[in-house]
Amino acid sequence: LDDASEAFAGLSAAAGASREQQLQQLDQLVVRLQGIKRKMGDVRLQEADEAMRCKLRLEHLAQLGRPAKGAVIAWSKKRLDRILADHMLRSGHHKSAARLVKETGSEQLCDMHIFEGARRVVEALQQHDCSVALVWCEEHRARLRKIKSSLEFKLRLQEFLELVRQDQRLAAVAYARQHLAPWASQHMHELQRALATLVFPASTRVPAYKALFQEGQWASLLELFHRE
């Protein structure tokens with residue numbers, strides 16, 4: 001809905017433009033609406049998949065029922081397997097969770113498909129790569145906006161700092177103008193602190209800026225992602 005509103009707002013803004021400009025705006029609107037249509041199609045498929053998963057889980061609970069006399073251990077084990085798998089997924093132990101889910105045949109009862117995307121983000125961040133996490137932010141932008149998340153800003157800030165670390169200062173300035181400037185009203189203090197690193201080497205001993213180049217920055221990003 002936000003994308004559609006923005007698209008029509010752009011069309012309204014072109015009301016006083018020339019005929020050629022208005023036609024160009026219409027072409028752009030058609031392209032954006034086609035993109036929205038594709039996204040809605042993907043959302044419909046995802047909703048159908050989630051509805052099927054809910055149906056299977058309800059059927060599973062109905063079949064499980066109450067434990068028969070003398071079968072409490074076996075009944076409890078089925079529930080415990082699901083709880084353990086969910087806990088391992090949320091704790092980042094994806095391989096162990098996948099093995100347990102496969103061995104117990106509970107693929108449709110656990111959210112492996114959701115956590116698979118999270119696993120790729122975590123692995124990339126552990127390799128000091130923000131690109132996968134930024135794609136994840138793009139896919140979940142509506143929810144992140146709703147909870148006023150700072151994850152995307154933190155990722156952009158880290159990419160800026162990595163350019164400074166590599167002494168690519170002109171590239172860092174260009175990156176800041178494109179990707180950090182839009183966040184200025186919300187994160188001015190952090191932004192000013194990061195921009196000040198342009199006049200310091202990555203090996204600086206000034207505490208306020210030294211911390212920005214330390215490994216702990218990546219650990220903080222991982223922790224923030226797990227919370228989001």
Side-chain angles (χ1 to χ4, degrees), residues 1-51 113-114 116-125 127-199 221 224-225 228:
L1 289 177
D2 289 340
D3 288 343
S5 297
E6 289 177 7
F8 284 111
L11 186 62
S12 299
S18 66
R19 178 179 176 79
E20 184 178 347
Q21 290 174 324
Q22 289 178 344
L23 289 173
Q24 186 177 6
Q25 285 286 341
L26 283 172
D27 289 339
Q28 292 175 357
L29 176 62
V30 170
V31 171
R32 293 192 68 175
L33 289 176
Q34 288 174 339
I36 293 171
K37 182 180 179 180
R38 286 193 296 271
K39 287 182 181 179
M40 294 300 293
D42 292 339
V43 169
R44 182 179 60 81
L45 292 175
Q46 290 174 4
E47 288 180 344
D49 182 59
E50 292 302 327
H113 63 302
I114 294 176
E116 177 60 24
R119 180 189 65 79
R120 290 194 296 269
V121 172
V122 169
E123 289 181 350
L125 289 176
Q127 297 297 319
H128 295 185
D129 178 6
C130 294
S131 61
V132 180
L134 286 168
V135 171
W136 185 89
C137 286
E138 177 67 27
E139 293 172 349
H140 298 83
R141 179 158 292 167
R143 186 180 71 83
L144 292 174
R145 281 179 179 173
K146 187 176 181 180
I147 64 174
K148 298 181 179 179
S149 170
S150 63
L151 178 60
E152 184 177 353
F153 169 72
K154 297 284 188 180
L155 291 166
R156 293 295 185 186
L157 199 66
Q158 190 62 38
E159 288 205 323
F160 166 81
L161 291 169
E162 290 305 308
L163 289 171
V164 176
R165 185 200 303 277
Q166 297 163 17
D167 203 27
Q168 299 182 37
R169 298 181 188 274
L170 289 178
V173 170
Y175 186 92
R177 286 174 176 167
Q178 181 177 356
H179 297 294
L180 293 179
W183 298 91
S185 61
Q186 302 171 52
H187 303 280
M188 179 58 75
H189 178 70
E190 287 182 84
L191 185 54
Q192 288 176 332
R193 182 186 174 202
L195 290 173
T197 61
L198 288 167
V199 300
L221 279 176
L224 179 58
F225 174 71
E228 301 297 88

Peer 1: Identify the two heavy atoms, one from Leu151 and one from Phe225, that lie closest to each other, and give their separation to 0.1 Å.
Peer 2: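 Scanning both residues completely, I find the closest heavy atoms to be CD2-CD1, 3.9 Å.
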Peer 1: More than 12 heavy atoms of other residues, nucleotides or ligands under 6.0 Å from CD1 of Ile147: yes or no?
Peer 2: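 Above 12, so yes.
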Peer 1: CG of Asp129 to CZ of Arg120: how many Å apart, nearest 0.5 Å?
Peer 2: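 Those atoms lie 13.0 Å apart.
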Peer 1: Listing request: all salt bridge (charged side-chain N to carboxylate O under 4.0 Å, His left out) pairs with a residue in residues 184-194, at least two apart in sequence or in separate chains.
Peer 2: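 Non-adjacent pairs meeting salt bridge (charged side-chain N to carboxylate O under 4.0 Å, His left out): Lys154-Glu190.
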Peer 1: Please report, to 0.1 Å, the donor-acceptor pairs under 3.5 Å made by any side chain of residues 174-185, with sequence neighbours excluded.
Peer 2:
| residue | atom | partner | partner atom | Å |
| --- | --- | --- | --- | --- |
| Tyr175 | OH | Arg156 | NH1 | 3.2 |
| Tyr175 | OH | Glu159 | OE1 | 2.5 |
| Trp183 | NE1 | His179 | O | 3.4 |

Peer 1: Could you tell me which non-hydrogen atom of Ala194 sits nearest to which non-hydrogen atom of Leu157, and how far apart they are?
Peer 2: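 The pair with the smallest heavy-atom distance is CB-CD1, 3.4 Å.
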Peer 1: Distance check, rounded to the nearest 0.5 Å: Phe160 atom CZ versus Thr197 atom OG1?
Peer 2: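 Reported value, rounded in 0.5 Å steps: 4.5 Å.
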Peer 1: Check this for me, if you would: do Arg165 and Glu162 make a salt bridge, where the nitrogen-to-carboxylate-oxygen distance has to be below 4.0 angstrom?
Peer 2: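 Yes.
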Peer 1: Can you tell if the side chain of Leu144 reaches within under 4.5 Å of the side chain of Glu152, non-hydrogen atoms only?
Peer 2: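 They are not in contact (no side-chain heavy atoms under 4.5 Å apart), so the answer is no.
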Peer 1: Tell me the closest heavy-atom pair linking Leu125 and Ala133, and the distance in Å.
Peer 2: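 For Leu125 versus Ala133, the nearest heavy atoms are CD2-CB, 4.3 Å.
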Peer 1: Looking at Leu224 and Ser150, what are the two nearest heavy atoms and their distance?
Peer 2: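 Looks like CD2-OG, 4.1 Å.
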Peer 1: Nearest 0.5 angstrom please: Glu123 CD to Arg119 CZ, how far?
Peer 2: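 Glu123 CD to Arg119 CZ: 4.5 Å, rounded to 0.5 Å.
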